[in-house]
Amino acid sequence: MMPALLPAILLLSPACPTDDPVRVTVVIVLASETDKKVDRALVNLAKAVQNRDPKLVGFRVHATAEKSIAVGASATIALVEKQELKVTVTRPKGEDGRIALTLSAPGVDFVTYGCACDKFFPIATDYRTKKGELVVVAIMAKPCTLGKKKGWFPWPE
Amino acid sequence: MTTPDTPTPDDPFPRELLAAYADGELDAPARAAVERWLADHPEAAPELQAQRDLSPANAGLWERAEPPEPSPVAWACVRRGIAAALAPSEPTPAARGGWRNAAWAAAAVAVAGVAAAAAWVFLAPAPPADRADPIPTANGGAEVAPHPRAVEEEVLVAGFAVLPIATDEDVILERVPATEALLPVGRHPLPPVLLLASADDVELEEVAPSPLWPTGMPKIMTAPGDAPMIYAAKPR
């Protein structure tokens with residue numbers, strides 16, 4: 001009886017975080033329609049967002065967060081004004097070089113996507129702060145290399 | 001005075017009780033005993049009256065009195081004694097016994113306590129001006145008392161000749177607010193410029209049905225030569 005049920009139990013079990021953790025970086029950005037200042041790190045992001053909404057002219061980094069998340073595990077990152085981003089590492093880096101994440105953010109509910117390592121994928125949420133700034137998050141995942149190599153790839157130290 | 005201050009075989013009544021009686025500090029049995037003694041010794045009535053006259057003045061005196069402040073040297077002695085008692089020492093065969101270690105530690109604390117008490121007794125009565133650095137010594141020279149903060153730091157770093165400082169590899173910054181200030185240690189997680197994923201880098205795998213986007217939002221929006229992104233913001 002028990003041996004027969006074992007495969008079914010294993011299939012129904014949630015993903016077990018046994019792989020090496022994934023380092024997830026989240027850049028929290030506030031986009032403004034009035035303040036025209038654009039942080040230097042956000043020039044590419046500003047261009048991509050302005051292609052969707054030209055009214056957004058200012059982009060500034062609110063905070064940058066990094067977490068090591070095991071495969072199958074989740075982490076919650078505070079954005080602004082009690083808004084949160086929940087990140088689940090769905091799949092480690094595969095043969096296609098992508099890491100799959102499942103995200104929940106204001107206006108974005110359980111979206112799973114795969115993205116190449118070391119590249120930021122932007123998400124414009126539907127949340128605006130009390131000052132009217134739009135919350136945009138840029139998310140990047142890569143295999144956790146803490147203690148294995150130094151400095152940013154591909155950016156030099 | 002006809003009434004002695006200490007009990008004697010002829011007059012065993014302690015004078016402290018009379019003062020406590022005058023101050024109203026005795027419980028009922030003691031108060032009754034004093035009243036019986038006073039009835040037998042009417043010559044003590046003036047002494048009782050004197051105690052009652054002194055009580056209000058004593059109360060004001062106690063309220064104004066402040067405990068003596070230990071001097072920096074006294075504090076230094078106490079802290080050194082504590083540090084010496086806490087500092088790890090080389091174990092010796094004779095000192096490996098548990099009760100012997102405890103006895104040595106207790107002795108060290110006791111010595112430190114005696115030293116602190118001695119320093120307090122000899123140095124605390126000095127007027128406030130004498131407690132400032134430097135402290136005059138008997139030969140006319142000046143002994144510079146250790147600064148209280150320096151003494152405190154000496155205790156905090158006990159066991160470390162040099163404080164070990166974390167390197168960039170030892171520190172993981174989990175969240176850094178937008179700031180122009182330089183980080184003293186650790187690598188800033190924000191790269192110089194965000195490198196966005198291209199259309200070939202991203203693939204939307206699953207979107208759970210949600211009331212947040214009844215019309216099919218959000219989708220990964222792509223355009224030729226443009227970085228894809230999920231755009232859930234509603235136009236204003």
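Residue numbering restarts at 1 for every chain, and letters A, B, ... go by the order of the sequence lines. Given the structure is predicted, the values throughout are model-derived calculations rather than measurements.
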Contact origin within [X] toward chain B - heavy atom pairs under 4.5 Å:
X	result
A:Val49	both
A:Val61	both
A:Leu56	side chain
A:Ile28	side chain

Inset, instruction - Go through the steps for B:Val202 and A:Tyr113 under the test side chain to side chain contact (heavy atoms under 4.5 Å, CB included), then give the verdict. - result: CA-CA 7 Å; B:Val202 185; A:Tyr113 70 94; 4.1 Å; yes

Legend entry - Contacts of type salt bridge (charged side-chain N to carboxylate O under 4.0 Å, His left out), residue A:Lys67, not counting sequence neighbours: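 Salt bridge (charged side-chain N to carboxylate O under 4.0 Å, His left out) list for A:Lys67, sorted by chain: B:Glu174.
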
Output the option from [options] having the highest count of non-hydrogen pairs under 4.5 Å with chain B.
options	result
A:Ala138, A:Cys115, A:Cys117	A:Cys115
A:Gly97, A:Ala100, A:Gly114, A:Ala116	A:Gly114
A:Arg60, A:Arg98, A:Arg40, A:His62	A:Arg98

Which pairs of donor and acceptor atoms, one on a side chain in residues 76-83 of chain A, lie under 3.5 Å apart (sequence neighbours left out)?
residue: A:Glu81; atom: OE1; partner: A:Tyr127; partner atom: OH; Å: 2.5
residue: A:Glu81; atom: OE1; partner: A:Lys130; partner atom: N; Å: 3.4
residue: A:Glu81; atom: OE2; partner: A:Lys130; partner atom: N; Å: 3.1

Inset, instruction - Please examine the side chains of A:Asn44 and B:Leu194, heavy atoms only from C-beta on, and report whether any two atoms are closer than 4.5 Å. - result: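 No - every pair of side-chain heavy atoms lies 4.5 Å or more apart.
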
Legend entry - side chain to side chain contact (heavy atoms under 4.5 Å, CB included) between B:Tyr231 and A:Ile123, worked out: CA-CA 6 Å; B:Tyr231 200 86; A:Ile123 295 178; over 6 Å; no

Which heavy atom in [X] sits nearest to a heavy atom in [Y], and how many Å separate them?
X	Y	answer
B:Met229	A:Ala48	SD-O, 3.9 Å
B:Ala232	A:Gly107	CB-O, 3.5 Å
B:Pro228	A:Arg52	CA-NH2, 4.0 Å

Legend entry - A:Asp118/B:Leu195 under side chain to side chain contact (heavy atoms under 4.5 Å, CB included): CA gap, chis, key distance, verdict: CA-CA 8 Å; A:Asp118 293 311; B:Leu195 186 62; over 6 Å; no

Inset, instruction - Check the pair B:Leu196, A:Met140 against side chain to side chain contact (heavy atoms under 4.5 Å, CB included), reporting the backbone distance first and the verdict last. - result: CA-CA 9 Å; B:Leu196 300 186; A:Met140 185 268 286; over 6 Å; no

Inset, instruction - Kindly check if the number of other-residue, nucleotide or ligand heavy atoms within 6.0 Å of NZ (A:Lys119) is above 12? - result: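 Result for NZ/A:Lys119: enclosed.
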
Inset, instruction - Starting at CD1 of B:Ile230, measure out to OG1 of A:Thr125 and round the result to the nearest 0.5 Å. - result: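 Between atom CD1 of B:Ile230 and atom OG1 of A:Thr125 there are 11.5 Å.
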
